[in-house]
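Scroll down for the structure; my scribbles are underneath it.
Only heavy atoms go into these numbers, but all of them, side chains included; no hydrogens, no water, no symmetry mates.
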Amino acid sequence: MKVRHILNKLSRLNLIKADREIAALKDQFRREDQELLRQGRGAEIVARNRQLMGIKEGEKTRLVGFGGVRFE
């Protein structure tokens with residue numbers, strides 16, 4: 001295995017407590033999003049993502065992506 005691959009794997013280990021907490025939150029959001037999608041409530045995901053990014057409801061924007069959701 002090349003050194004570059006080893007360094008890349010080491011960087012993904014989340015050795016710092018803050019990194020582990022961030023990874024856990026991302027996993028939690030991902031699980032919640034998947035559950036909402038299974039229930040057919042994808043519009044709620046879009047609305048939450050727009051709110052988290054500070055985009056007002058009905059506002060036009062040129063941002064093209066966040067968490068797999070496209071906005072225009």
Side-chain angles (χ1 to χ4, degrees):
M1 190 177 288
K2 294 183 180 181
V3 174
R4 177 174 49 98
H5 292 125
I6 293 171
L7 292 176
N8 193 15
K9 287 186 181 222
L10 284 174
S11 71
R12 295 181 183 180
L13 288 178
N14 297 331
L15 298 174
I16 300 171
K17 182 180 178 183
D19 289 341
R20 288 191 300 270
E21 291 173 355
I22 290 169
L25 281 173
K26 285 181 179 180
D27 287 340
Q28 177 185 347
F29 279 127
R30 195 170 292 116
R31 283 191 305 271
E32 290 173 0
D33 287 351
Q34 289 172 350
E35 182 60 33
L36 288 174
L37 284 173
R38 272 190 229 107
Q39 296 173 7
R41 297 166 49 191
E44 291 180 30
I45 299 169
V46 173
R48 184 186 67 206
N49 288 345
R50 289 179 67 94
Q51 181 184 12
L52 289 172
M53 290 186 294
I55 301 171
K56 295 177 184 173
E57 190 171 336
E59 184 176 301
K60 295 285 185 179
T61 178
R62 290 199 173 269
L63 182 64
V64 182
F66 178 79
V69 179
R70 184 179 170 131
F71 299 102
E72 288 188 26

Straight-line distance of Arg20 CZ to Ile22 CD1, nearest 0.5 Å:
11.5 Å
Report yes if the side chains of Glu32 and Phe29 come closer than 4.5 Å at any heavy-atom pair, otherwise no.
yes
Who passes side-chain contact (heavy atoms from CB on, under 4.5 Å) against Gln51, sequence neighbours left out?
none
Contacts of Glu21 that satisfy side-chain hydrogen bond (donor to acceptor under 3.5 Å, both in side chains) - sequence neighbours left out
none
Applying side-chain contact (heavy atoms from CB on, under 4.5 Å) to Gln34 and not counting sequence neighbours gives Arg30, Arg38
Set of side-chain hydrogen bond (donor to acceptor under 3.5 Å, both in side chains) partners for Glu44, sequence neighbours left out
Arg41
Take atom CD1 in Ile16; do more than 12 heavy atoms of anything else shown fall under 6.0 Å from it?
no
Could you pull out all residues at least two apart from Leu25 that satisfy side-chain contact (heavy atoms from CB on, under 4.5 Å)?
Gln28
For the residue pair Ile45 and Asp33, what are the closest heavy atoms and their distance?
CD1-O, 3.3 Å
